[in-house]
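Worksheet for the structure shown next.
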Amino acid sequence: MKRIAFFLLTLLTALTLTAKDRSYKVVSPSGKIEAEITVGSAVNYGISYEGRTVLEPSPISMTLSDGQVWGREPKIAKVTRGSKDSILEASLYKASSVRENYNSLTISFKGGWSLEFRVYEDAVAYRFATTLSKPFEISGEQVAYNFPQDWTVTLPYVKKGTDGDFRSQLFNSFENLYTVAPVSGLNQGRLAFLPLLVDAGEGVKICIADVNLNGYPGMYLYKGASVNSLEAEFAPCPKTVVDGGYNNIQGKVNEYEDFLVAVDAPRTFPWRAAVIGTDIQIAQSDAGWLLAEPSRIEDVSWIKPGKVAWDWWNDWNLYGVDFKAGINTQTYKYYIDFASSNGIEYVILDDGWAVGKGEDLLKINPEIDMKGIVDYAASKNVGIILWAGYAAFERDMENVCRHYAEMGVKGFKVDFMDRDDCLMTGFNYRAAETAAKYGLVLDLHGTHKPAGITRTWPNVLNVEGVHGLETMKWSKADVDQMKYDVTLPFVRLVSGPMDYTQGAMLNASRNAYRANYSEPMSQGTRCHQLALYMVFDSPLNMLCDSPSNYLREKESTEFIAGVPTVWDETRVLAAEVGEYIVTARRSGNTWYIGGITCWTPRDLEIDLSFLGKECRAVIFSDGPNAHKKGIDYRREEKALDTTVPFKVHLAPGGGFALKTIL
């Protein structure tokens, strides 16, 4: 019934546009992108790219619990135009500075609400705002994307729940492979979480994302009632939440309110963004960062990005040592020694350091001398990060942060949130603020995409929301992680950095891969794994494998341990969604370049003239037998002739990694 009503409203809106309707156009600074907003009996907007329609008039509105609709018979009070062109300093990001260049339109309406549109060189975004101080609730939000044709969509469906029962799908890990299908072929009863990618033809893509989810639910999209449309769905505000889920450390919603979010003060609502351009332009867009609220931490000098020696993925599997490896003090001191000797900034103590199932984070496993471990790490210039289940962290956040900060712990990896309703998005921001109060960094694992939080609270160094390498511990052989890897930069990464946890030293060809929980392997080649440190954004970046395996693979370990995790400049040199990508990143005067492919082998020719005429480099490339043995690679150091294209062969699931030498 809801979908029929939406379709009729959309049709009625289209039929009732009259001469009295007011139309406003906003163009990007170069004129390439144009948004047209029409205000009549409803509010609609459409987008054109280089003169071609890529979004037909699409209705937007917000409904309040008292029945008032922001967007139905609206009365304009004021229209304001603006523009901005400036260079912003960025920290803990993929570039040290970012150009902010857009034209804007803000329409203020009678009744205390407004709509702001911004048109960048590569994006169109809008958001609602209110000046009302009296309490009220938002009971619904209408968002639609009416495309002119039955275009192909790349989207991550929610894994769990029953088709057609959207509420049953709201508890999910935001980890799924991508489905590629025309809009008409999408499952009308299954939600997809953002970001998602639309192929608008003629080499143009549209990445749909939401930004600034502070105390507001994330947006899902599903196949709309009309042929070429997507419509939005949002999680209602939870009414009762109880411990449940994995090890009883998650928050399970038993009952929902009949509204999305309660509002008791003037505020802005999340941005609805459409990033538009070629494959390369999508992959290197800064739109998500620019739309995010600026940092609430004035002095970020204490926030230390870096790499992490991680225990859980490799199942604490050490060998060649004179003690029994596991969740104990000796094992963690060994990880600390490994991190220290390789210049790795952190060690994570994952699940198991607290007693029981982690229900009380102030009670420590008797096998762990936590103070001794923290002090030992400090003596080795290594920081300790502790894993924490969501429910226990939420229950006693202030005391937990205070206690472990005083002990010398540097941060927390908070896990198993698995929702994005208003309470959970609000939790992420409160956790970031509380952690910052005590000088702690955060890795938000088991949660939705960052959607701007890493700029607003830069002590949030990383966020999961990805079908990362951890899934290779149990994924079947028909899971195509290689196709996924070469799709992520154009979809998930548009929303910000991700905790993918790369760095496997056991690397398997397509026919050799198998799931192994205790001795896991990656799909693809060794060089594919090395390249991921440049292709993916991760200010807090894991080395997922065992120190014992890294000590056996000294060349690879030395390379990845030395790769920075934040950058002065990023360039995407070549890319095709779902096929391959080559990304170059600069730190100081040193360039790091990584390229990966799907299971299709390919020969690439890359223009490296930007490196200058005289350049030497260390290059890791797939070995001649990497198509059969994923660990086969070649390392060489040589001068590069940058006046001609750099040629490199990528094996199936392969890659290459390059570092310039002064």
Side-chain angles (χ1 to χ4, degrees), residues 47 55 58 60 122-128 141-145 147 151-161 166 169-181 183 186-187 190-200 205-214 216-224 229-235 260 269-276 282-283 285 287-292 417-422 424-425 428 444 446-455 463-467 484 487-498 537 577:
I47 303 172
L55 183 70
S58 301
I60 53 177
D122 65 349
V124 174
Y126 76 87
R127 66 178 174 182
F128 284 86
E141 181 180 353
Q142 180 187 29
V143 183
Y145 295 92
F147 302 112
W151 285 334
T152 298
V153 184
T154 300
L155 81 174
Y157 281 126
V158 170
K159 286 182 181 179
K160 297 181 179 179
F166 286 163
Q169 300 172 31
L170 297 177
F171 186 79
N172 74 96
S173 64
F174 305 95
E175 302 171 20
N176 206 356
L177 300 174
Y178 292 111
T179 296
V180 181
V183 175
L186 298 178
N187 183 346
R190 175 125 321 245
L191 299 174
F193 53 88
L194 300 185
L196 58 76
L197 190 71
V198 179
D199 188 339
K205 306 293 194 305
I206 306 170
C207 184
I208 298 173
D210 48 0
V211 184
N212 285 348
L213 301 179
N214 185 0
Y216 196 92
M219 184 168 72
Y220 298 88
L221 291 175
Y222 64 93
K223 169 69 179 68
S229 72
L230 298 174
E231 299 174 18
E233 181 74 8
F234 300 87
L260 304 185
F269 296 95
W271 289 102
R272 310 296 175 210
V275 183
I276 309 169
I282 295 287
S285 176
W289 186 89
L290 288 168
L291 289 167
M417 286 74 100
D418 287 3
R419 304 185 342 248
D420 67 348
D421 50 59
C422 67
M424 190 58 76
T425 62
N428 283 348
L444 297 176
T447 192
H448 56 84
K449 76 281 179 183
I453 194 173
T454 54
R455 182 186 179 191
V463 179
E464 194 185 17
V466 63
H467 188 271
Y484 185 69
T487 305
L488 284 170
F490 313 92
V491 190
R492 165 61 182 82
L493 276 168
V494 175
S495 270
M498 62 187 188
D537 296 316
V577 175

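Throughout, numbering of the chain's residues begins at 1 and tracks the sequence.
Between the side chain of E233 and the backbone N or O of Y220, no donor-acceptor pair lies under 3.5 Å. Looking only at distances, a side-chain donor or acceptor of T425 sits under 3.5 Å from a matching main-chain atom of L213. Remark: side-chain polar atoms of N212 are paired, donor with acceptor, to backbone N or O of L291 under 3.5 angstrom. In this structure, K159 contributes its side chain and E175 its backbone to a donor-acceptor pair below 3.5 Å. Between the side chain of W271 and the backbone N or O of A125 there is no donor-acceptor pair closer than 3.5 Å. When atom types are taken as modelled, the side chain of R190 and the backbone of Y157 share no donor-acceptor pair closer than 3.5 angstrom. Looking at R419, its side chain never comes within 3.5 Å of a backbone N or O of L170 through a donor-acceptor pair. For the pair D122 (side chain) and S285 (backbone), a donor-acceptor distance under 3.5 Å is absent.
Residues I453 and L444 meet the side-chain proximity criterion, which asks for heavy atoms closer than 4.5 Å. In this structure, the side chains of L488 and Y178 come closer than 4.5 Å at one or more pairs of heavy atoms.
Taking CG of L230 as the start and CG of L186 as the end, the distance is 6.5 Å to the nearest 0.5 Å. Atom CD of E141 is separated from atom CD1 of I60 by 8.5 Å, given to the nearest 0.5 angstrom. Atom CG of D420 sits about 9.5 Å away from atom CZ of F193, to the nearest 0.5 Å.
Q169 and Y222 share no side-chain donor-acceptor pair at under 3.5 Å.
Ring planes of F147 and W151: tilted class, angle from 30 to 60°.
With ring centers used as reference points, H467 lies under 6.0 Å from Y484.
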